[in-house]
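Excluded from the calculations below are hydrogen atoms, water molecules and symmetry mates; all remaining heavy atoms, backbone and side chain alike, are included.
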Amino acid sequence: MPEPERDLVVGADGFLGCNLVPRLQAEGREVVGIGRAAGDLADWATVERLFRAAPPVARIFHVVTRQRTGAVQYDIQGELLAINARIHLNVLEAWRLFQPQAKLISTGSSCTYPESAEPLPEARFGQGPTHPSVVGYGLAKQVLATGSAAYAHQYGLHFLHCVLATLYGPHDNKAADRSHFVGALLDRAVREKAAGAESFEVWGDPRTVREVLHVDDQIDAILAADRVFDNAILNCAANTPVTVEAVAQAALAALDWSVPLVSPPGSFQGAAYKMLDSTRFLDGTGWRPRIGLEAGLRSLVAAEYAA
Ligand SMILES: C[C@H]1O[C@H](OP(=O)(O)OP(=O)(O)OC[C@H]2O[C@@H](n3cnc4c(=O)[nH]c(N)nc43)[C@H](O)[C@@H]2O)[C@@H](O)[C@@H](O)C1=O
């Protein structure tokens with residue numbers, strides 16, 4: 001049977017999905033989208049109904065996640081585990097029952113790895129305790145990643161679990177507790193600049209290290225990984241660490257706003273160092289990011305904050 005030129009995107013109206021759907025369509029793919037209006041994906045009857053109704057697809061992009069950023073994360077780890085694990089298990093079961101020909105491409109997070117002062121290769125996946133701010137969220141992502149491998153092994157399916165950088169770009173949620181930290185920080189800077197602030201607060205330790213990618217680069221990376229890798233849990237970032245201070249400076253530069261950075265004591269602090277070792281992916285695909293941080297933030301400001 002010829003492979004359908006059609007993909008299913010679960011989470012089509014989320015941050016990643018909003019950017020992924022037009023990208024797939026631009027490549028000539030037909031896209032079937034499941035978004036928030038389709039119902040509660042933590043409910044099996046809903047997921048069963050949606051997958052039963054979908055036509056056969058070549059790939060399922062599962063990009064749904066329930067997440068918070070900032071201090072609230074510490075308080076709701078049970079909730080984040082319960083909701084996310086149910087969603088992921090439902091998608092796995094619906095995949096094998098209704099779309100077994102499809103490759104399940106899901107997205108993961110560096111939060112799934114143990115805390116480490118070194119970049120984390122895939123061999124460290126699930127090998128130790130996660131940071132306290134992401135215990136439940138990270139465990140649910142492990143259910144998805146290791147669960148995909150278990151389903152693929154038992155039922156002869158194909159999957160790829162892509163572990164991503166921290167993303168920024170258009171359509172990110174702007175609420176301070178729901179955006180990724182780059183979008184949250186930029187949004188705060190926009191409002192504080194408009195209010196005439198004379199300094200800008202960077203929460204936590206400014207030397208905190210992350211890897212950040214523009215969502216368009218990250219989508220390119222996922223699609224490049226799909227062309228080369230099968231049945232793998234794969235780090236899909238760029239081996240480019242950046243400090244939170246440097247992100248804040250790039251945000252101020254993108255706003256043409258020159259004020260000193262200050263670090264309020266006691267503000268939210270996540271893991272001190274979070275870096276993936278994406279060497280396997282980079283060597284295997286030759287992929288490299290195209291969008292520099294300041295340029296990416298400038299284009300985001302133009303897209304979402306132009307007067
Ligand atoms: C993709 C990934 O995204 C998230 O993980 P993360 O990116 O590592 O982000 P974080 O919440 O650990 O924040 C990074 C650092 O940034 C500092 N920081 C400065 N200024 C602001 C600020 O304005 N807002 C926030 N939220 N943080 C700030 C803050 O002190 C912290 O140390 C999770 O949702 C995680 O579960 C996940 O999957």
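Remark: Arg96 CZ is packed, more than 12 non-hydrogen atoms of other residues, nucleotides or ligands lying under 6.0 Å away. Within 6.0 Å of the CZ atom in Arg290, the count of heavy atoms belonging to other residues, nucleotides or ligands does not exceed 12. Applying the 6.0 Å contact sphere to CZ of Arg86 captures no more than 12 heavy atoms from other residues, nucleotides or ligands. Annotation for Arg49: atom CZ counts as buried by contact number, over 12 foreign heavy atoms lying within 6.0 Å.
One hydrophobic cluster, built from ILVMFWY side chains closer than 4.5 Å, cannot hold both Val182 and Phe268; they sit in different ones. Follow the hydrophobic side-chain contacts under 4.5 Å out from Val212 and you reach Leu261 in the same cluster. Linking ILVMFWY residues whenever their side-chain heavy atoms come closer than 4.5 Å, directly or via other members, leaves Val134 and Ile83 in distinct clusters. Side-chain heavy atoms closer than 4.5 Å link hydrophobic residues (I, L, V, M, F, W, Y) into clusters, and following such links, possibly through other members, connects Ile87 to Leu8. The same ILVMFWY cluster, assembled from side-chain heavy atoms under 4.5 Å apart, contains both Phe200 and Leu300.
Remark: the Ser106 side chain and the His161 side chain contain an N/O donor-acceptor pair separated by less than 3.5 Å. Side-chain N/O atoms of Gln73 and Gln67 include a donor and acceptor closer than 3.5 Å. In this structure, a donor-acceptor pair under 3.5 Å is present between the side chains of Glu93 and Tyr151. Residues Gln99 and Gln101 have side chains that bring a donor and an acceptor to within less than 3.5 angstrom of each other. With 3.5 Å as the limit, one finds a donor-acceptor pair spanning the side chains of Thr240 and Glu211. Residues Ser267 and Glu201 have side chains that never bring a donor and an acceptor to within less than 3.5 angstrom of each other.
A side-chain contact (heavy atoms from CB on, under 4.5 Å) with Pro119 is found for one member of Asn239, Asn235, Asp277, Leu276 and no other, namely Asp277.
Judged by distance alone, with hydrogens and angles left aside, the side-chain atoms of Thr112 form a donor-acceptor pair with the main-chain N or O of Ser109 at under 3.5 Å. Side-chain atoms of Glu48 do not come within 3.5 Å of backbone N or O of Ala94 as any donor-acceptor pair. Formation of a donor-acceptor pair under 3.5 Å by the Trp95 side chain with backbone atoms of Ala102 is found in this model. A donor-acceptor pair is defined here as one N or O able to donate and one able to accept, closer than 3.5 Å; no such pair exists between the side chain of Glu245 and the backbone of Pro206. Although no hydrogens or angles enter the test, the distance criterion places a donor-acceptor pair under 3.5 Å between the side chain of Thr146 and the main chain of Gln142. Remark: side-chain polar atoms of Thr285 are paired, donor with acceptor, to backbone N or O of Trp287 under 3.5 angstrom. The main-chain N or O of Cys236 is found under 3.5 Å from a side-chain atom of Gln218 such that the two form a donor-acceptor pair. Side-chain atoms of Arg6 come within 3.5 Å of backbone atoms of Pro56 as a donor-acceptor pair (strictly under, hydrogens ignored). Remark: side-chain polar atoms of Lys141 are paired, donor with acceptor, to backbone N or O of Thr107 under 3.5 angstrom. In this structure a side-chain-to-backbone donor-acceptor pair under 3.5 Å is missing from Asp172 to Gly183.
Put simply, CG on Leu185 and CG on Leu297 are 9.0 Å apart, with the number rounded to the nearest 0.5 Å. To the nearest 0.5 Å, atom CG of residue Leu80 and atom CZ of residue Arg68 are 7.0 Å apart. The distance from the SG atom of Cys18 to the CG atom of Leu16 is 9.5 Å, given to the nearest 0.5 Å. Atom CG in Leu89 sits 9.0 Å away from atom CG in Leu144 (nearest 0.5 Å). For the atom pair CG (Asp205) and OG1 (Thr243), the distance works out to 9.5 Å, reported to the nearest 0.5 Å. Taking CD1 of Ile60 as the start and CZ of Phe159 as the end, the distance is 13.5 Å to the nearest 0.5 Å.
Contact of the Leu186 side chain with the Val301 side chain is registered, since non-hydrogen atoms from C-beta on lie closer than 4.5 Å. For the pair Leu213 and Leu164, the minimum side-chain heavy-atom distance is 4.5 Å or more. Considering only heavy atoms from C-beta on, Leu157 stays 4.5 Å or farther from Leu104 through its side chain. No side-chain heavy atom of Val47 sits under 4.5 Å from any side-chain heavy atom of Asp40. Using a 4.5 Å heavy-atom cutoff, the side chains of Phe229 and Arg280 are in contact. Contact check for Asp216 versus Ile291: side-chain heavy atoms found under the 4.5 Å cut-off. In this structure the side chain of Val247 reaches within 4.5 angstrom of the side chain of Leu293, judged on heavy atoms. Contact check for Met275 versus Glu118: no side-chain heavy atoms found under the 4.5 Å cut-off.
Between Asn173 and Ala175 the shortest heavy-atom distance is OD1-N, 3.0 Å. Of all non-hydrogen atoms in Asn84 and Ala140, the two that sit nearest each other are CB-CB, 3.5 Å. Ser199 approaches Glu192 most closely through the heavy-atom pair O-OE1, 4.3 Å. Here the closest heavy-atom approach between residue His88 and residue Val64 is recorded as CE1-O, 3.7 Å. Summarising the geometry of Ser116 relative to Tyr273, their closest heavy-atom pair is O-CD2, 3.1 Å, with the distance given to 0.1 Å. Shown here for Ile222 and Cys162, the closest heavy-atom pair between the two residues is CG2-SG, 4.0 Å.
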Next on the checklist: Does Val9 form a side chain to side chain contact (heavy atoms under 4.5 Å, CB included) with Ile34? I'd like the steps, not just the answer.
Outcome noted: CA-CA 6 Å; Val9 177; Ile34 293 178; over 6 Å; no
Item to check | Test side chain to side chain contact (heavy atoms under 4.5 Å, CB included) applied to Glu5 and Glu30, step by step | outcome: CA-CA 6 Å; Glu5 292 182 356; Glu30 182 188 333; over 6 Å; no
Checklist entry - Please walk me through it: do Tyr305 and Leu255 pass side chain to side chain contact (heavy atoms under 4.5 Å, CB included)? => result CA-CA 10 Å; Tyr305 295 99; Leu255 294 170; 5.9 Å; no
Next on the checklist: Evaluate Asp256 against Arg298 for salt bridge (Lys or Arg N to Asp or Glu O under 4.0 Å), listing each step before the verdict.
Outcome noted: CA-CA 10 Å; Asp256 298 315; Arg298 276 190 189 277; 3.1 Å; yes
Next on the checklist: One pair to check against side chain to side chain contact (heavy atoms under 4.5 Å, CB included): Tyr137 and Thr65. What are the steps and the verdict?
Outcome noted: CA-CA 9 Å; Tyr137 173 78; Thr65 203; 3.3 Å; yes
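Ring to ring, Phe125 and Tyr113 are close: their centroids are under 6.0 angstrom apart.
Geometric assessment of Lys174 against the ring of Tyr168 yields a negative cation-pi assignment under the 6.0 Å and 45° thresholds.
Classified by interplanar angle (parallel below 30°, tilted 30° to 60°, perpendicular above 60°), the ring pair His180/Phe15 is tilted.
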